[in-house]
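Structure first, commentary second.
Below, all heavy atoms of this structure are taken into account, side chains as well, without hydrogens, waters or symmetry copies.
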Amino acid sequence: MPMLRSFPFLRQDVAASLVVFLVALPLCLGVAVASGVPAELGLITGIVGGLVTGLMRGSSLQVSGPAAGLTVLVLEAVRAFGLAALGVIVLAAGLLQIAMGLLRWGRWFRAISLSVVEGMLAGIGLVIIAGQLYAAAGIPAPDSGLDKLTGLPGALVQALGSRTALVSLAVGAGTVLLIVGWRRMPPRARAVPGALVAVLLAAVATAVFGLPVETVRVSGVLEAVHLPGTEALSSLADPALLGTVLAFALIASAESLFSAAAVDRLHAGPRTEYDKELVAQGAGNTLCGLLGALPLTAVIVRSSANVEAGARTKASRVLHGVWLLLFVALLPAVLAYIPLAALAGILVHAGWKLIPFKRVLTLWRRHRGEALVLVATAAAIVSVGMFEGVLIGLVLSVGKAAWEASQLRVEQTDDGRGAVRVRIQGTVTFLRLPQILDSLEALPSDRRVVLDLSGVHHLDHACRAALEAWAERHGGADAEAVRAATAPNRREDAAAASVSTSP
């Protein structure tokens, strides 16, 4: 057939798009409800992620839409500035992303410490879990992340005294258990995402048994769209709002580009063009902002489902947006049957997956500094806030790198027969000069010395001059009293120290 010749992977891409659609549908609704906005806005963002970002160049198999990673930030923004300002914030963040992509800043996001990103996701996961446990019980949640965590025991006591809250909790717990247990089902059954099955069963049980649980409120997709007005646009002069725009742009970009790197490891197709992917994400967010919808990012859950389902080209992610659009156009009334507790269960499971438990243990065994940065970033996000927590993590990461770069070790080996061997390792700067000279000047003046510089990463001018002076004093008339042992690519440092190179 001519169409199959023009699109040789159409069959694989259509099948993959249906899987991604089934994964995306409950997540779009759950992220919107958890963000404190109408559920329809999550679907709009999912549609834009498929039809707009999906069509653009960047990453071929990565799928974009509303993400759990931005839930906390959106909730804070809506509470601080109102729902009307959300579109302006997302619009400005999208334009900033486009500018960063055109300036070719996309690749620089890969320089962000992985521990900071994982700490950010862990902090978000903790806040999501805590907040959605309240939602699963139908109890209002406190505003701050720390209050959410500390208030859980009291919320549990309150829930135990209410039949309605217990039923709602049972629906949420059943949703989580079904999603987790669905992995053990036969492969054919797993072709249908567990989250979708859980939502459908919860909706059926609620309708059939008349369970006293709150369901999604539906006002219509067109009614949920709010184009930014003059008053909302004027709020961009507020410094606090501009800080939120910056947070949206940076965090959404980092999450999308880190997701792209992860997705590239899952397939053998074309690699991600980071700057173009950043422009694509910015274009999607710009349109989402104009529609007053949620911000979008690349979502690793949908992207990995897309790859695992056999997608070969970007057609699969575009088609998933088409299926979301058809659902919104033809079956919007179905949303009113979905229990909020079931969506809360989906978000609890998603939040749990954001917390890298194994990664923390591995880092603690091998790189404790990185583990501390990860944990501190997560704790700061929970206790202070998203933007502040990420900034704290970045500062700690830079401080850790500076500390490690300044570390210096001076080791002395003396077998009593030959020359004394002094090994210097690390970065040798004027800040460590007193330590180096104290060690060298304490050596016996009548012994030959081998100065091992093979472990030196950098030797500044002040230290070169000091080593030259010490070598002249220690050797006196004997030019062979001090020898230097250097790595092949460090011989220029030995020459600068004016000592001969040992064989």
Side-chain angles (χ1 to χ4, degrees), residues 28 31-32 34-37 41-42 44-46 48-49 52-53 64-103 105-106 108-109 112 116-117 119-121 123-124 127-128 145 226 228 232-233 235-260 277-300 354 377 380-381 384-394:
C28 286
V31 169
S35 301
V37 304
L41 293 183
I44 293 172
T45 298
V48 172
V52 178
T53 304
S64 299
L70 287 179
T71 299
V72 177
L73 194 58
V74 173
L75 185 61
E76 292 177 356
V78 171
R79 285 178 175 170
F81 306 107
L83 181 58
L86 177 62
V88 174
I89 295 172
V90 177
L91 170 63
L95 293 174
L96 182 56
Q97 285 182 299
I98 292 174
M100 290 189 294
L102 294 176
L103 291 172
W105 288 4
W108 290 103
F109 280 88
I112 298 176
V116 175
V117 176
M120 177 190 75
L121 295 177
I124 292 169
V127 176
I128 288 175
H226 294 285
L233 292 172
S235 63
L236 286 173
D238 184 353
L241 188 139
L242 289 177
T244 303
V245 169
L246 182 62
F248 268 64
L250 295 180
I251 293 173
S253 300
E255 188 171 342
S256 294
L257 297 182
F258 271 94
S259 173
E277 177 64 14
L278 192 54
V279 172
Q281 294 293 325
N285 274 319
T286 300
L287 182 55
C288 285
L290 289 173
L291 298 175
L294 289 172
L296 64 79
T297 71
V299 185
I300 189 63
L354 290 176
T377 302
I381 287 174
V384 181
M386 169 72 76
F387 188 47
E388 297 86 348
V390 172
L391 287 180
I392 290 172
L394 290 173

- Message: For Ala298, is there any backbone N or O sitting under 3.5 Å from a side-chain donor or acceptor partner on Ser256?
- Response: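 Yes, the answer is positive, given that a donor and an acceptor are paired below the 3.5 Å cut-off.
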- Item | Ser259 side chain to Glu255 backbone, donor-acceptor under 3.5 Å |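 Between the backbone of Glu255 and the side chain of Ser259 there is no qualifying donor-acceptor contact (under 3.5 Å).
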For [X] versus [Y], what's the shortest heavy-atom pair and its separation?
{"X": "Gly42", "Y": "Pro66", "result": "O-CG, 3.5 Å"}
{"X": "Ser64", "Y": "Thr53", "result": "OG-CG2, 3.7 Å"}
{"X": "Gly389", "Y": "Ala380", "result": "CA-CB, 3.7 Å"}
{"X": "Leu241", "Y": "Ser235", "result": "CD1-OG, 3.6 Å"}
{"X": "Ala249", "Y": "Leu96", "result": "CB-CD2, 3.6 Å"}
{"X": "Ser35", "Y": "Val74", "result": "CB-CG1, 3.7 Å"}

Interatomic distance, [X] atom [atom1] to [Y] atom [atom2] [nearest 0.5 angstrom]:
{"X": "Ile89", "Y": "Asp238", "atom1": "CD1", "atom2": "CG", "answer": "9.5 Å"}
{"X": "Leu41", "Y": "Cys288", "atom1": "CG", "atom2": "SG", "answer": "9.5 Å"}
{"X": "Ile381", "Y": "Leu121", "atom1": "CD1", "atom2": "CG", "answer": "8.0 Å"}
{"X": "Thr244", "Y": "Leu73", "atom1": "OG1", "atom2": "CG", "answer": "6.5 Å"}
{"X": "Leu290", "Y": "Thr286", "atom1": "CG", "atom2": "OG1", "answer": "7.0 Å"}
{"X": "Leu294", "Y": "Thr71", "atom1": "CG", "atom2": "OG1", "answer": "8.0 Å"}

- Item | Pair listing, salt bridge (Lys or Arg N to Asp or Glu O under 4.0 Å) test, anchored in residues 78-90, at least two apart |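 The answer is Arg79-Asp143.
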- Item | Residue pairs fulfilling side chain to side chain donor-acceptor pair (under 3.5 Å) with at least one residue in residues 89-101, sequence neighbours excluded |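 Only Gln97-Ser253, Gln97-Asn285 qualify under side chain to side chain donor-acceptor pair (under 3.5 Å).
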- Task: Could you walk me through whether Leu86 and Leu83 pass the side chain to side chain contact (heavy atoms under 4.5 Å, CB included) test, one step at a time?
- Result: CA-CA 5 Å; Leu86 177 62; Leu83 181 58; 4.1 Å; yes
